[in-house]
Amino acid sequence: MSKFAKAVVAVVCIIMAGAIIFFGFTPGGRSIWNSYTHDLQKADENQYETKKLVEDTARSMIASYKSDVATYEQYKDSDNEEKQSWAEQAKMRANRTANSYNEYILKNSYVWENNIPSDINYSLPIIE
């Protein structure tokens, strides 16, 4: 091994030993290390909380949509004008929810990184 290579190895070893001593045994070094690990943990928690919030919101919107679709299907062919009105109102709510949901999923799809949960749809259809 050349003198230059030995010098480089020696410098790297001294730097590593200094880093271990600084980060392991000094208050300032421990503070920096703890702050760094805390920031990593917070970033992980924030990512999890964001994903949970997006999934919970999507599931809630799906439930609302399905409820309105069921109401629409139940009353759309009724002979009663009031029940037909209920169907039309449910259809409008379902379509409004579908539009909001589709936009929400489009804006938040980054959360799943192309691995969307099986119970969350990529989009909700508009009732014609």
Side-chain angles (χ1 to χ4, degrees):
M1 188 184 288
S2 70
K3 287 184 181 183
F4 178 73
K6 288 180 182 178
V8 168
V9 169
V11 168
V12 168
C13 288
I14 290 170
I15 291 172
M16 292 296 290
I20 290 170
I21 291 169
F22 177 72
F23 289 113
F25 301 106
T26 65
R30 292 298 293 178
S31 177
I32 292 170
W33 182 258
N34 289 340
S35 177
Y36 172 73
T37 56
H38 177 265
D39 290 346
L40 283 179
Q41 183 178 7
K42 285 307 247 181
D44 290 343
E45 288 173 5
N46 287 341
Q47 183 178 3
Y48 171 78
E49 289 299 321
T50 299
K51 185 175 182 180
K52 183 174 179 352
L53 175 66
V54 170
E55 288 181 6
D56 289 350
T57 302
R59 288 183 180 107
S60 174
M61 294 172 87
I62 290 169
S64 177
Y65 173 82
K66 286 181 177 180
S67 174
D68 286 332
V69 168
T71 301
Y72 170 71
E73 293 294 330
Q74 181 177 358
Y75 296 118
K76 71 178 181 178
D77 297 324
S78 175
D79 294 334
N80 184 312
E81 274 188 42
E82 183 178 12
K83 289 181 179 180
Q84 285 183 350
S85 173
W86 295 347
E88 282 302 311
Q89 291 172 18
K91 178 181 174 181
M92 287 188 305
R93 284 192 308 271
N95 285 340
R96 189 173 333 126
T97 300
N99 284 326
S100 297
Y101 177 87
N102 294 342
E103 185 68 24
Y104 185 78
I105 293 299
L106 183 65
K107 287 181 179 178
N108 291 287
S109 62
Y110 71 92
V111 169
W112 296 292
E113 299 173 357
N114 296 322
N115 191 19
I116 192 167
S118 61
D119 65 326
I120 296 179
N121 306 344
Y122 284 103
S123 67
L124 296 176
I126 302 298
I127 301 171
E128 298 297 331

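Residue numbers run from 1 in the order of the sequence given. Just so it is clear, the values below take in all heavy atoms, side chains as well, and ignore hydrogens, waters and symmetry mates.
- F25 and I32 are assigned to two separate hydrophobic clusters, defined by single-linkage of ILVMFWY side chains at heavy-atom distances under 4.5 Å.
- Distance alone, capped at 3.5 Å, is enough to place a donor-acceptor pair between the T57 side chain and the L53 backbone.
- Residues forming a salt bridge (charged side-chain N to carboxylate O under 4.0 Å, His left out) with D119 (at least two apart in sequence, or on another chain): R59.
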Side chain to side chain contact (heavy atoms under 4.5 Å, CB included) evaluation trace for M16 with V12 | CA-CA 6 Å; M16 292 296 290; V12 168; 4.2 Å; yes
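- Counting heavy atoms from C-beta outward, D56 and S60 have side chains that stay 4.5 Å or more apart.
- Side chains of Q89 and S85: a donor on one and an acceptor on the other come within 3.5 Å.
- Between A98 and P125, the shortest heavy-atom distance links the atoms CB-O, 3.9 Å.
- When all heavy atoms are compared, the tightest approach of L124 to N102 is N-OD1, 2.7 Å.
- When side chains are defined from C-beta on, N108 does not count as touching T50, because their heavy atoms never get closer than 4.5 Å.
- To the nearest 0.5 Å, the span separating CG on D79 from CD on Q84 amounts to 7.5 Å.
- Here the side chains of I120 and Y101 are in contact, with some heavy-atom distance below 4.5 Å.
- K66 places a side-chain heavy atom less than 4.5 Å from the side chain of I62.
- Checked by atom type and distance alone, the side chain of T71 pairs as donor or acceptor with a backbone atom of S67 at under 3.5 Å.
- A distance of 5.0 Å separates CD1 in I116 from OH in Y122, rounded to the nearest 0.5 Å.
- Nearest heavy atoms, Y75 versus K83: CB-O, 3.2 Å.
- How far CD1 of I127 is from CG of N95: 5.0 Å, rounded to the nearest 0.5 Å.
- One finds the CE atom of M92 at 7.0 Å from the CZ atom of R96 (value rounded to the nearest 0.5 Å).
- Taken together through direct or relayed side-chain contacts under 4.5 Å among Ile, Leu, Val, Met, Phe, Trp and Tyr, V54 and Y110 form part of one hydrophobic cluster.
- The two atoms that bring Y72 and A90 nearest to each other are N-CB, 3.8 Å, heavy atoms only.
- Taking each heavy atom of T97 and Y65 in turn, the nearest pair found is CG2-CB, 3.9 Å.
- The two residues P117 and E55 come nearest to each other via the heavy atoms CG-OE2, 3.4 Å.
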